[in-house]
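Inspection log for the structure reproduced underneath, given as structure tokens.
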Amino acid sequence: MKKILHLTIGCWLLALLLTACKTGEKVSTDGTTTIDKTFSKKDFMKTVVDRALTSQYVTAKLKFSATMAGQSVSVGGSLKMKRDDVIRIQLVAFGIMEAGRLEFTKDYVLIMDRINKQYVKASYDDIDFLRANNVNFHTLQALFWNELFQPGKEQPSLDKFAATPQEEGDVLITLSSGRLDYQWEADRETGKINSTTISHDNQGTTDGEMNWKYRSFKKLGQKQFPTDQQVRIKADGKTLQAGFQLSSLEHDSSWEKRTTVSNKYKKVSAETIFRRLLSL
């Protein structure tokens with residue numbers, strides 16, 4: 001089970017690392033030049049934003065899988081989210097025992113290893129590369145909820161994005177922020193985001209990339225939500241692939257929104273955990 005926890009936590013830490021390195025936002029072009037004169041950026045961006053879930057809660061059963069450095073794992077669990085408040089992933093061993101928990105709130109990140117009774121709890125400000133680069137809860141929330149985001153902001157300013165129709169029928173939405181380039185591929189008719197790509201530029205060469213694909217959209221309330229989310233992260237010469245397959249989508253609100261850590265658990269420094277996980 002330690003292998004499962006290492007791969008799972010490593011996935012999110014690499015994602016957080018990749019979304020760092022913000023050195024000053026560059027305003028993108030206004031997106032008015034397109035290959036189709038009938039295309040309206042303003043109307044299309046409104047369609048993208050309007051398709052976001054209106055529910056405050058998303059809960060689901062989860063099948064998590066990950067592959068890294070020739071090792072593969074697959075485990076069940078659950079995903080519980082409350083908008084603008086918390087994202088929780090619980091991993092269950094053998095279908096009966098919780099082995100690990102990852103909890104992201106607006107104020108802190110909590111990682112629990114229930115097998116070895118260890119945990120990490122740190123605020124975003126306590127982690128240098130997150131604090132320095134305005135990486136926050138809202139970035140992670142947008143990735144899970146299949147939405148647009150702007151680094152360091154709670155709500156994106158749509159005039160900062162460019163939107164260009166593609167010959168295949170999608171629209172490419174782009175934003176530049178420091179050395180990071182963000183791309184979203186969205187369906188022109190529905191505004192549905194099919195993928196998000198974040199790439200880090202190092203003197204003209206891409207040395208890190210995260211691609212988050214969304215598939216198998218199912219009805220949740222009056223909206224559509226992706227039940228198959230596939231993540232591929234390339235960083236530091238390594239590639240990690242992770243999959244989140246969701247079932248039994250609900251709007252359940254009857255769960256504790258914060259985890260209380262027992263005094264039987266040993267707190268480990270974030271730096272120690274990061275060095276160990278990123279050396280996999």
Side-chain angles (χ1 to χ4, degrees), residues 1-21 62 64-82 85-94 96-141 143-144 208 210 231 233-244 255-280:
M1 294 308 303
K2 290 180 68 176
K3 181 170 70 173
I4 293 174
L5 292 173
H6 286 184
L7 285 172
T8 305
I9 299 168
C11 171
W12 297 113
L13 295 180
L14 284 172
L16 289 172
L17 283 170
L18 185 58
T19 53
C21 306
L62 167 69
F64 173 81
S65 59
T67 301
M68 182 175 180
Q71 296 182 335
S72 298
V73 295
S74 181
V75 64
S78 65
L79 173 66
K80 298 177 181 178
M81 303 189 292
K82 180 182 178 183
D85 187 49
V86 63
I87 300 168
R88 179 183 297 159
I89 299 173
Q90 294 168 257
L91 303 178
V92 178
F94 314 115
I96 57 173
M97 178 179 66
E98 183 175 321
R101 180 176 295 200
L102 290 85
E103 187 168 282
F104 303 95
T105 75
K106 295 177 71 172
D107 302 315
Y108 65 79
V109 177
L110 173 66
I111 303 169
M112 296 183 68
D113 177 351
R114 291 199 180 278
I115 302 298
N116 298 296
K117 298 294 189 292
Q118 295 181 341
Y119 76 99
V120 172
K121 185 175 183 179
S123 72
Y124 294 87
D125 284 342
D126 288 337
I127 303 173
D128 290 343
F129 60 81
L130 297 182
R131 180 183 65 251
N133 297 291
N134 291 328
V135 176
N136 60 25
F137 170 80
H138 296 283
T139 301
L140 298 174
Q141 175 173 267
L143 289 168
F144 273 104
M210 178 175 70
V231 185
I233 300 171
K234 294 182 178 180
D236 196 25
K238 300 173 183 178
T239 299
L240 183 145
Q241 291 183 277
F244 300 87
W255 47 280
E256 293 293 332
K257 309 308 182 291
R258 294 293 184 272
T259 297
T260 301
V261 181
S262 167
N263 56 16
K264 295 180 180 180
Y265 282 70
K266 178 182 178 181
K267 187 174 183 179
V268 183
S269 71
E271 290 75 14
T272 298
I273 291 293
F274 289 170
R275 285 197 299 268
R276 186 179 70 193
L277 295 174
L278 295 175
S279 65
L280 289 174

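Being a predicted model, the structure only gives us computed values, none of them experimental.
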Side-chain heavy atoms of Arg114 within contact of Tyr119, under 4.5 Å: no
Any side-chain heavy-atom pair of Ile111 and Asp113 under 4.5 Å: no
Smallest separation among heavy atoms of Ser72 and Thr67, with atom names: OG-OG1, 3.1 Å
Residue pair Lys106 / His138, side-chain heavy-atom distance below 4.5 Å: yes
Contacts of type side-chain hydrogen bond (donor to acceptor under 3.5 Å, both in side chains), residue Gln241, not counting sequence neighbours: none
Heavy-atom side-chain contact between Asp85 and Arg258 under 4.5 Å: yes
Note, Val231 side chain near Phe244 side chain (heavy atom, < 4.5 Å): yes
Heavy-atom closest pair, residues Phe104 and Val109: CE2-CG1, 3.7 Å
Residues forming a side-chain hydrogen bond (donor to acceptor under 3.5 Å, both in side chains) with Glu103, sequence neighbours excluded: Arg88, Tyr108, Thr259
Any donor-acceptor pair under 3.5 Å from Lys257 side chain to Trp255 backbone: yes
Pairwise distance OH(Tyr265) to CE(Met112) - rounded to 0.5 angstrom: 4.0 Å
From CA spacing to verdict: side chain to side chain contact (heavy atoms under 4.5 Å, CB included), Lys266, Asn116: CA-CA 9 Å; Lys266 178 182 178 181; Asn116 298 296; over 6 Å; no
Any side-chain heavy-atom pair of Lys80 and Val86 under 4.5 Å: no
From CG (Asn263) to NZ (Lys117), nearest 0.5 Å: 12.0 Å
CZ-CD distance between Arg101 and Gln90, expressed to the nearest 0.5 angstrom: 4.0 Å
Test salt bridge (charged side-chain N to carboxylate O under 4.0 Å, His left out) applied to Asp107 - qualifying residues, sequence neighbours left out: none
Min side-chain heavy-atom separation Ile87-Phe137 under 4.5 Å: yes
Side chain to side chain, Val261 and Lys267, heavy atoms closer than 4.5 Å: no
With Thr260 via side-chain contact (heavy atoms from CB on, under 4.5 Å) - residues at least two apart: none
